[in-house]
Amino acid sequence: MTITERTELIRRFADDFTALQEAVLARMNGICGPETAAALEHASLAGPVTVALAHADVLARGAVRRAELSAQPPERLRRLRAHARKVRRARSQAEAVYKEQRARRLAGRSRPVDMLELRVARTTSPAAFAEALRQELRDMGLPDGTPKAPESDLARWAWARRTAGYELPAPVRELRDCDGDAFVQALLRDAREEENPYLTHDAVAERWTRHARAALAWGRYAIAQAERDVLAYSLSVRRTRLDVLDDAYQDTAVLAARSREALLRGTELHDRMLACVTTGPFAVLIAQCRAAALARFADAEPEVWYGVRELTVRHQAHCPERADGCPHCHRALAALLTEAHPADTAEDGDGEQPTATLPADEDRYAVLADLPDIAVVAVADAAVGDESALCGYGWAAEDGTTGYGDSLASSSGEAEVIGICAAALSLLERHEDAPVVLLCDSTEAVEAVNTALRSADPTTAHRTLLFPESRQLMDRLLRHRHRVQVRWLKGHIGHDLNETADAFASLALRCANGRIPSSAARKEEARILRSLGLAAA
């Protein structure tokens with residue numbers, strides 16, 4: 001094959017999604033020709049290949065699920081499962097290749113390295129340096145608060161300055177200005193009805209990336225609803241219901257592909273933003289801003305600055321990388337300074353908060369030491385599946401009561417909130433006057449519920465709660481917010497109630513997706529209750 005012919009083949013794969021996916025699957029199965037295999041190795045197709053496999057992955061899992069629900073012969077089911085595993089492996093490998101290629105591409109760029117003193121000061125006292133840089137940008141005539149977080153938003157600020165004055169097309173402005181729910185609806189129309197060419201525009205690409213996961217969750221929601229409908233009927237009359245399930249998987253496959261495409265587009269835009277601030281006049285301007293901010297930092301934090309200067313001078317006297325500006329040394333140096341001045345920083349250079357830990361011999365039940373004797377304490381847990389939004393939840397209380405059920409959740413955090421709410425509502429009804437305390441091992445769920453309880457506003461938890469089922473439960477729980485507490489409990493440390501709640505959540509999920517017969521489910525429930533020292537009701 002000539003270079004021109006290979007170029008044409010690469011262009012065809014870039015423009016024709018169906019042809020690309022067929023070629024990718026043929027390569028996966030070892031049946032594609034050498035010319036096709038060579039074309040697929042081209043760097044420009046690394047991202048599109050991951051998109052094609054994201055789509056194929058959902059379809060392969062859908063084929064398995066249909067076979068399971070329609071009682072296909074075991075041999076066919078084994079083949080479908082083997083194919084689905086193969087697609088999943090190929091997808092993981094393709095994503096690893098894309099990441100490796102991007103890393104090589106970025107490594108090939110010549111990025112200026114800030115002076116070592118600046119990097120050490122910024123890592124040692126991030127808040128103080130950020131304020132110094134903010135003041136410098138403000139004094140240069142930039143609007144107050146722009147960029148809001150100078151170090152992370154300088155790229156976005158420079159990009160906005162570079163693209164200022166460009167008139168956006170009306171459809172792009174509409175996508176940029178609509179609220180989050182409307183944007184997600186636009187993504188669903190893009191996948192289910194007609195592809196929206198304006199999503200790739202720089203003005204909305206980052207928003208597309210942020211909301212693509214929510215749109216994909218609604219695809220999994222449709223799968224879960226169709227799956228529930230199928231399971232409500234006997235095998236002999238499931239055929240038409242299975243067609244609806246197929247449609248849901250087809251839509252979700254497109255949503256998965258578009259979600260991956262959004263991620264690639266957002267990453268590519270971010271790379272161009274970084275290139276904008278590391279070359280040309282913006283690089284010079286930003287370097288000047290940072291240098292001036294360092295001078296402000298030195299005036300505001302003289303003791304820390306003295307330590308920075310002394311340590312970096314001693315270090316650079318013998319560092320083998322000093323000719324390159326000691327590009328990898330600032331974190332270790334900042335760690336030495338942070339140990340010397342522990343009060344100077346509330347977070348490290350990565351923005352991670354220090355973690356408080358209990359002594360090793362601390363009583364694992366000390367989290368309950370401050371509760372009144374009449375408090376009813378329970379532990380809630382949840383389990384989520386891979387294919388759909390179906391989830392299971394379970395709970396167990398100190399008074400011996402237990403419960404489990406299923407619902408729909410967009411994430412493990414939302415599923416855990418459902419478990420907390422369902423358990424609390426059941427116990428509130430059973431104990432009319434006692435306070436109810438729910439323990440959960442999900443920090444996201446605990447924070448979401450507590451935020452809503454404190455504010456008496458369910459919308460404060462809507463970042464975690466996407467679906468109507470969880471929002472309705474939260475609305476009901478808030479009516480009793482003065483009697484409810486939610487606390488975090490470390491999971492899987494031998495806490496009997498936690499282990500029971502986890503077992504019930506797993507059982508509830510298997511019941512919901514039809515993977516355990518009702519007779520076996522009753523036996524499993526009895527076994528779980530016996531392990532807790534209870535008898536089945």
Side-chain angles (χ1 to χ4, degrees), residues 17 51 53-70 80 84 87-88 91 180-196 199 208 210-233 237-263 382-393 405-415 417-418 462-473 508-515:
F17 180 82
V51 175
L53 285 167
H55 183 272
D57 184 23
V58 175
L59 291 183
R61 286 185 282 128
V64 171
R65 193 65 182 129
R66 176 171 183 133
E68 290 174 340
L69 293 172
S70 59
L80 290 172
V87 173
R88 177 59 62 90
R91 179 181 181 180
D181 289 343
F183 193 88
V184 170
Q185 288 301 314
L187 297 186
L188 293 175
R189 287 193 299 273
D190 166 80
R192 294 170 176 170
E193 300 174 16
E194 184 179 8
E195 188 172 307
N196 189 336
L199 287 170
W208 184 21
R210 290 195 304 272
H211 286 83
R213 182 172 294 182
L216 180 56
W218 282 109
R220 297 175 66 245
Y221 186 87
I223 290 174
Q225 288 184 312
E227 192 172 5
R228 276 180 164 177
D229 187 50
V230 169
L231 289 167
Y233 291 86
V237 294
R238 282 182 179 179
R239 184 178 182 84
T240 57
R241 268 72 186 180
L242 286 168
D243 290 342
V244 175
L245 181 63
D246 274 348
D247 291 342
Y249 268 105
Q250 291 284 346
D251 288 344
T252 305
V254 177
L255 285 164
R258 292 294 270 169
S259 178
R260 181 66 190 173
E261 190 177 345
L263 178 63
V384 295
D386 292 330
E387 293 87 1
S388 76
L390 280 173
C391 71
Y393 61 85
D406 62 86
S407 188
L408 303 175
S410 63
S411 65
S412 60
E414 184 168 15
V417 170
I418 290 171
H462 280 188
R463 172 175 286 187
T464 298
L465 308 183
L466 182 64
F467 296 156
E469 288 79 1
S470 59
R471 294 186 177 189
Q472 289 167 7
L473 282 172
L509 179 60
R510 284 183 289 155
C511 290
N513 58 31
R515 288 193 164 97

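- Taking the side chain to side chain donor-acceptor pair (under 3.5 Å) definition, one finds that Arg239 meets it with nothing, sequence neighbours left out.
- When all heavy atoms are compared, the tightest approach of Ala63 to Leu80 is O-CD1, 3.7 Å.
- Residues Leu199 and Leu187 meet the side-chain proximity criterion, which asks for heavy atoms closer than 4.5 Å.
- Under the side-chain contact (heavy atoms from CB on, under 4.5 Å) criterion, Ala217 pairs with Ser410, Leu466, Phe467, sequence neighbours left out.
- Qualifying salt bridge (Lys or Arg N to Asp or Glu O under 4.0 Å) partners for Arg471, counting only residues two or more places apart in sequence or in other chains: none.
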| task | Decide yes or no on side-chain contact (heavy atoms from CB on, under 4.5 Å) for Asn513 and Glu68, but give the supporting numbers first. | result | CA-CA 10 Å; Asn513 58 31; Glu68 290 174 340; over 6 Å; no

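- Remark: Arg65 CZ to Ser70 OG distance equals 10.5 Å, nearest 0.5 Å.
- Residues passing the side chain to side chain donor-acceptor pair (under 3.5 Å) test with Ser411, sequence neighbours excluded: none.
- By the side-chain contact (heavy atoms from CB on, under 4.5 Å) test, Asp229 pairs with Tyr233, Arg241, sequence neighbours left out.
- A pairwise comparison of heavy atoms in Leu408 and Ala224 identifies CD2-CB, 3.3 Å as the closest pair.
- Residue pairs that meet the side chain to side chain donor-acceptor pair (under 3.5 Å) test with at least one member in residues 216-226, sequence neighbours left out, are Tyr221-Glu469.
- Legend: residues meeting side-chain contact (heavy atoms from CB on, under 4.5 Å) with Arg192, ordered by chain and number and at least two apart, are Leu188, Ala222, Asp251.
- Of the inter-residue distances, the one linking Ile418 atom CD1 with Ser407 atom OG reads 3.5 Å to the nearest 0.5 angstrom.
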| said: Working note: Thr252 + Leu216, criterion side-chain contact (heavy atoms from CB on, under 4.5 Å); need CA distance, chi angles, decisive distance, verdict. | reply: CA-CA 7 Å; Thr252 305; Leu216 180 56; 3.8 Å; yes

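- Under 4.0 Å is where a charged nitrogen must lie from a carboxylate oxygen, and between Asp243 and Arg66 at least one such pair does.
- Evaluation of the side chain to side chain donor-acceptor pair (under 3.5 Å) rule for Ser412 yields no partner, not counting sequence neighbours.
- The local environment of CZ in Arg463 is sparse, with at most 12 non-hydrogen atoms from other residues, nucleotides or ligands closer than 6.0 Å.
- How far CG of Leu465 is from CD of Glu414: 5.5 Å, rounded to the nearest 0.5 Å.
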Donor-acceptor contacts under 3.5 Å from residues 382-393 side chains, at least two apart:
unit_1: Ser388; atom_1: OG; unit_2: Glu227; atom_2: OE1; d: 3.3
unit_1: Ser388; atom_1: OG; unit_2: Leu390; atom_2: N; d: 3.2

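- Note on residues 180-191: pairs passing salt bridge (charged side-chain N to carboxylate O under 4.0 Å, His left out), not counting sequence neighbours, are Asp190-Arg258.
- Among residues two or more places apart in sequence or in another chain, the ring-ring contact (aromatic ring centres under 6.0 Å, His included) test is passed with Phe17 by His55.
- Closest approach of Val64 and Ala84 over heavy atoms only: CG2-CB, 4.0 Å.
- Heavy-atom contacts from other residues, nucleotides or ligands closer than 6.0 Å to CZ of Arg213 number 12 or fewer.
- Considering every non-hydrogen atom in both Val87 and Ala56, the closest pair reads CG1-C, 3.8 Å.
- Arg238 is linked by a side chain to side chain donor-acceptor pair (under 3.5 Å) to nothing, counting only residues two or more places apart in sequence or in another chain.
- A pairwise comparison of heavy atoms in Ala215 and Leu255 identifies O-CD1, 3.5 Å as the closest pair.
- Ile223 contributes atom CD1, which lies 10.5 Å from atom CD of Gln250 (distance to the nearest 0.5 angstrom).
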